[in-house]
Number of protein chains: 2
Amino acid sequence: MELRDVSRLLYQIKLADQRVATAFETETGFSLTRYEMLMVVGEKGVCSQSEIKDAMKIDNAAVTRHLKILEDKGYVLRERNTANHREVFVRLTDDAAHALQTCERNHDTSSHVMSVLSDDEMAQLSVLLKKLNQV
Amino acid sequence: MELRDVSRLLYQIKLADQRVATAFETETGFSLTRYEMLMVVGEKGVCSQSEIKDAMKIDNAAVTRHLKILEDKGYVLRERNTANHREVFVRLTDDAAHALQTCERNHDTSSHVMSVLSDDEMAQLSVLLKKLNQV
DNA sequence: TGCTATCATTTGACAAGTCAACGATTGATT
DNA sequence: AATCAATCGTTGACTTGTCAAATGATAGCA
């Protein structure tokens, strides 16, 4: 594998990422990162920002800024952990839960971003990406 | 395929992109995008910025800015097309050719960014990404 | 010739990520 | 109890991408 081929492949990943992220946003109305963040928070119920950071493998600073946006939109509540004032606890608002349900309901399983790939291919892709992302 | 699963997969792509791009940069000393840009220019010999934009599927503005940086580093020469002053012609300097050769030579085929994947898997990945990027 | 449309590049404003430095809290050590 | 170190979150500076408006150049046409 020549370096040239490596760069071509990596550049393809970059392009795919860009395409797919903007497609997700136009289809759902949610930024991919913030959707994922809402999901993480929703699944945890209540959590600190560090937990989000670890779950999403994203920078602290990015977490803070996205949560600020989500808070402004009324999708998320934040309050200091009274037992440890360093931490901030985050959880979804009812608004968020509602908006996400609506979004999921409107989501057409057959014609979304990834519809160029079969279920099999998506599974394949997922495996490959997991390998790539494991340290 | 639930929306949740889609977002998980797309987010994996994002993470892979980030990992892989920074790894490429630390391994080679070149930003992935600018390496790819140098390759494109090198392969074309001389070309306009629009050609680069089309080849790389990147925004005009990004091309201009990357070329500015590459010019400052002495990797690229730009001059207006005398036959059509709207266009700028771009080509590599000898410095760039030399630096790229050195980089390629130093590149260890066995232990680079993608070494977690077999050649087969990389080929698979390439096919999947091509599908995702086609449209 | 002069208008107008189009084309190529540049610039400005924004989004989303990184890293590094900072402030506030907490916990540990002496 | 006082200090010192570690942890959590925030902020600022920077990178790299986008889109949209501005600039400059050319081409077609009345």
Side-chain angles (χ1 to χ4, degrees), chain A residues 10-11 13-26 29-38 41 46-73 76-90 133, chain B residues 10-11 13-26 29-37 41 46-73 76-90:
Chain A
L10 303 195
Y11 195 74
I13 298 180
K14 174 187 293 292
L15 290 182
D17 170 39
Q18 287 170 199
R19 277 211 63 202
V20 126
T22 67
F24 183 89
E25 187 157 354
T26 57
F30 288 99
S31 124
L32 174 58
T33 300
R34 285 194 282 273
Y35 184 88
E36 193 64 22
M37 193 169 282
L38 290 174
V41 175
V46 173
C47 65
S48 72
Q49 297 192 186
S50 289
E51 287 181 75
I52 299 176
K53 172 195 90 180
D54 293 337
M56 297 184 67
K57 293 167 204 271
I58 202 183
D59 194 271
N60 281 326
V63 175
T64 294
R65 287 166 186 147
H66 280 301
L67 286 178
K68 194 163 182 40
I69 292 170
L70 290 172
E71 198 177 27
D72 288 349
K73 292 195 181 175
V76 133
L77 293 175
R78 294 155 78 216
E79 37 192 285
R80 291 263 160 206
N81 175 357
T82 49
N84 178 351
H85 282 256
R86 285 179 298 197
E87 285 186 335
V88 174
F89 279 154
V90 186
N133 284 332
Chain B
L10 303 195
Y11 195 74
I13 298 181
K14 174 186 294 291
L15 290 182
D17 169 41
Q18 287 171 199
R19 279 212 59 202
V20 125
T22 67
F24 183 90
E25 186 157 356
T26 58
F30 288 99
S31 123
L32 174 59
T33 300
R34 284 195 282 274
Y35 184 87
E36 192 65 22
M37 195 170 281
V41 174
V46 173
C47 65
S48 71
Q49 298 191 184
S50 289
E51 287 181 75
I52 299 176
K53 171 196 90 179
D54 293 337
M56 298 184 67
K57 291 166 206 273
I58 201 183
D59 193 273
N60 282 325
V63 175
T64 294
R65 285 164 187 149
H66 280 300
L67 286 178
K68 194 163 182 41
I69 292 170
L70 290 172
E71 198 177 28
D72 289 348
K73 292 195 181 173
V76 132
L77 293 175
R78 294 156 78 214
E79 36 191 285
R80 291 267 159 201
N81 175 359
T82 49
N84 178 352
H85 281 256
R86 285 177 298 196
E87 286 185 333
V88 174
F89 278 155
V90 186

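In what follows, every chain begins at residue 1, and chains take the letters A, B, ... in the order their sequences are listed. Excluded from the calculations below are hydrogen atoms, water molecules and symmetry mates; all remaining heavy atoms, backbone and side chain alike, are included.
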query: In chain order, what residues pass the side chain to side chain contact (heavy atoms under 4.5 Å, CB included) check against B:Lys73, with sequence neighbours excluded?
result: B:Ile69, B:Tyr75
- line: Heavy-atom closest pair (B:Met37 atom, B:Val63 atom, distance to 0.1 Å) is CE-CA, 4.1 Å
In chain order, what residues pass the side chain to side chain donor-acceptor pair (under 3.5 Å) check against [X], with sequence neighbours excluded?
X: A:Glu87; result: A:Asn81
X: B:Glu25; result: none
X: A:Thr64; result: A:Gln49
X: B:Ser48; result: none

- request: Applying ring-ring contact (aromatic ring centres under 6.0 Å, His included), name anything that partners B:Tyr11, two or more places apart in sequence or on another chain.
  value: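 In terms of ring-ring contact (aromatic ring centres under 6.0 Å, His included), with neighbours along the sequence ignored, B:Tyr11 is linked to no residue.
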- line: With sequence neighbours left out, the residues meeting ring-ring contact (aromatic ring centres under 6.0 Å, His included) with B:Phe89 are none
message: List the residues meeting salt bridge (Lys or Arg N to Asp or Glu O under 4.0 Å) with B:Arg86, not counting sequence neighbours, and say none if there are none.
response: none
Give each protein N/O atom lying under 3.5 Å from an N/O atom of nucleotides 4-8 of chain D, with the pair distance.
residue, atom, partner, partner atom, Å
D:dT7, O2, A:Arg86, NH1, 3.3

query: B:Thr64 or A:Ala83: which one's nearest nucleotide on DNA chain C is closer to the 5' end?
result: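 Looking at DNA chain C, the more 5' nearest nucleotide goes with B:Thr64.
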- request: For DNA chain C, note the earliest and the latest nucleotide, 5' to 3', having some atom under 4.0 Å of a heavy atom belonging to chain A.
  value: C:dA16 to C:dT26
- prompt: Taking only side-chain nitrogens and oxygens of A:Arg78, does any of them come within less than 4.0 Å of OP1 or OP2 of D:dT10?
  reply: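 Indeed, a polar side-chain atom of A:Arg78 lies that close.
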Distances under 3.5 Å between nitrogen or oxygen atoms of protein and nucleotides 12-17 of chain D:
residue, atom, partner, partner atom, Å
D:dG12, N7, A:Arg65, NH2, 2.7
D:dG12, O6, A:Arg65, NH1, 3.4
D:dG12, O6, A:Arg65, NH2, 3.0
D:dT16, OP1, B:Arg34, NH2, 3.3
D:dT16, OP2, B:Arg34, NH1, 3.2
D:dG17, OP1, B:Thr33, OG1, 2.5
D:dG17, OP2, B:His66, NE2, 2.0

task: Compare all side-chain heavy atoms of A:Thr33 with those of A:Met56 and state whether any distance is below 4.5 angstrom.
output: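 Contact flag for A:Thr33/A:Met56 side chains = yes.
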